[in-house]
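Report on the following structure.
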Amino acid sequence: MVIADQARIRRDLKPMRPNDEATIELKVLTSLVRDRTRDVNRLRSTLTGMFPALERALVLTSASPLVLLDGHQTPAVIRRMGTARLPRWLRARGVRTPEELAATAIDAAEQQQSGNLHRPRHYHRDLQRVFYMSALTSVRYDPNSRTFYDRKRAEGKRHTQAVMALARCRVNVLWALIRDRRLYEVAPPPATLH
């Protein structure tokens, strides 16, 4: 709406044609940004699978973390480098604030080793909606979810509160599966006698 309104009001805007130099440059820049975003997302996904504590600690859109990851990808290697060698290694490669980045990486490696991994404090509202809708659907089709929902309703919770509690429970289960590197196993239903 804002772009359309500006196009309607302003008289200094020139029409853009498909073969104009500015249009071609804009297409090239857009494709470069799209490729970079795809690469950063791929890096995040890979890093989450092997070193989630470091993925949470680093801002992967800046150059310094990429220099670190280019040389050291695993918690064991980062711990072996230590607080003395890792900052020197980063400084030699032109990283700004190498001590801070090294401390962050070593702290993440220690968390990874100790298994002291915490869920993120911030959340994505669209993802929250996905889990809410998933929980809402599971109430209809999954007896375990229905039992949990009914118990929350019996405790005096409103419908939305009960569904959100179920969604949080499902997230906790998902988080435990990821943390423990296990697959979800559904218990077979009890045999019925005819």
Side-chain angles (χ1 to χ4, degrees), residues 36-62 64-66 68-83 86 100-192:
R36 177 171 167 75
T37 303
R38 189 180 307 120
D39 290 342
V40 167
N41 288 340
R42 195 175 305 138
L43 177 62
R44 278 187 193 285
S45 175
T46 303
L47 196 56
T48 299
M50 55 188 273
F51 197 168
L54 188 61
E55 189 275 331
R56 277 197 309 276
L58 297 181
V59 178
L60 296 176
T61 54
S62 62
S64 298
L66 298 178
L68 171 71
L69 290 172
D70 188 41
H72 310 292
Q73 299 84 21
T74 64
V77 172
I78 289 175
R79 279 194 313 275
R80 245 181 281 130
M81 285 294 285
T83 54
L86 189 56
E100 183 180 329
L101 180 59
T104 300
I106 290 169
D107 184 47
E110 295 299 328
Q111 281 184 8
Q112 187 82 17
Q113 182 186 20
S114 69
N116 188 15
L117 300 174
H118 301 287
R119 281 173 280 158
R121 292 191 181 113
H122 303 288
Y123 62 94
H124 193 281
R125 293 201 183 276
D126 289 338
L127 193 56
Q128 179 189 30
R129 179 166 174 72
V130 166
F131 278 107
Y132 177 85
M133 295 305 292
S134 169
L136 187 62
T137 304
S138 73
V139 168
R140 293 175 96 188
Y141 299 106
D142 179 39
N144 295 330
S145 296
R146 184 67 197 197
T147 303
F148 184 91
Y149 172 82
D150 289 340
R151 190 175 77 230
K152 290 299 173 184
R153 291 289 287 173
E155 291 173 5
K157 303 243 185 265
R158 293 189 316 256
H159 167 73
T160 305
Q161 291 173 319
V163 174
M164 284 304 295
L166 176 59
R168 278 192 296 276
C169 180
R170 291 167 62 92
V171 169
N172 289 340
V173 168
L174 181 61
W175 174 252
L177 292 172
I178 291 169
R179 182 195 62 215
D180 299 341
R181 299 178 192 273
R182 291 185 344 195
L183 296 175
Y184 182 72
E185 297 174 8
V186 179
T192 57

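All values derive from a computational prediction rather than experimental measurement. Scope of the values below: all heavy atoms of this structure, side chains included, with no hydrogens, waters or symmetry mates.
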Self-check item: Closest contact, heavy atoms only, A162 versus K157
Solution: N-CB, 4.2 Å

Quiz prompt | Atom of S64, atom of L101 and distance for their closest heavy-atom approach | solution = O-CD2, 3.5 Å

Quiz item: So which heavy atom on S145 is nearest to which on L166, and how close?
Solution: CB-CD2, 3.8 Å

Quiz item: side chain to side chain donor-acceptor pair (under 3.5 Å) with R182: which residues, sequence neighbours excluded?
Solution: none

Exercise. Please step through side-chain contact (heavy atoms from CB on, under 4.5 Å) for the pair K152 and E155, ending with a clear verdict.
Key: CA-CA 5 Å; K152 290 299 173 184; E155 291 173 5; 3.4 Å; yes

Quiz item: Which pair of non-hydrogen atoms, one from A109 and one from R79, has the smallest distance, and what is that distance?
Solution: O-NH1, 3.3 Å

Quiz item: Counting only heavy atoms not in E100, do more than 12 fall under 6.0 Å of its CD?
Solution: no

Quiz item: Which is it for Q128 and F131 under the side-chain contact (heavy atoms from CB on, under 4.5 Å) test, yes or no, and what are the steps along the way?
Solution: CA-CA 5 Å; Q128 179 189 30; F131 278 107; 6.0 Å; no

Exercise. Kindly indicate whether the side chain of R80, heavy atoms from C-beta on, has any atom under 4.5 Å from the side chain of V77.
Key: yes

Quiz item: Sequence neighbours excluded, which residues qualify as salt bridge (charged side-chain N to carboxylate O under 4.0 Å, His left out) partners of R42?
Solution: D39

Practice problem: Please say whether more than 12 non-hydrogen atoms of neighbouring residues, nucleotides or ligands are located less than 6.0 Å from CZ in R38. | Solution: yes

Self-check item: Under the side-chain contact (heavy atoms from CB on, under 4.5 Å) test, residues paired with R146 that sit two or more places apart
Solution: V139, Y149, D150

Exercise. Please examine the side chains of L136 and H159, heavy atoms only from C-beta on, and report whether any two atoms are closer than 4.5 Å.
Key: yes

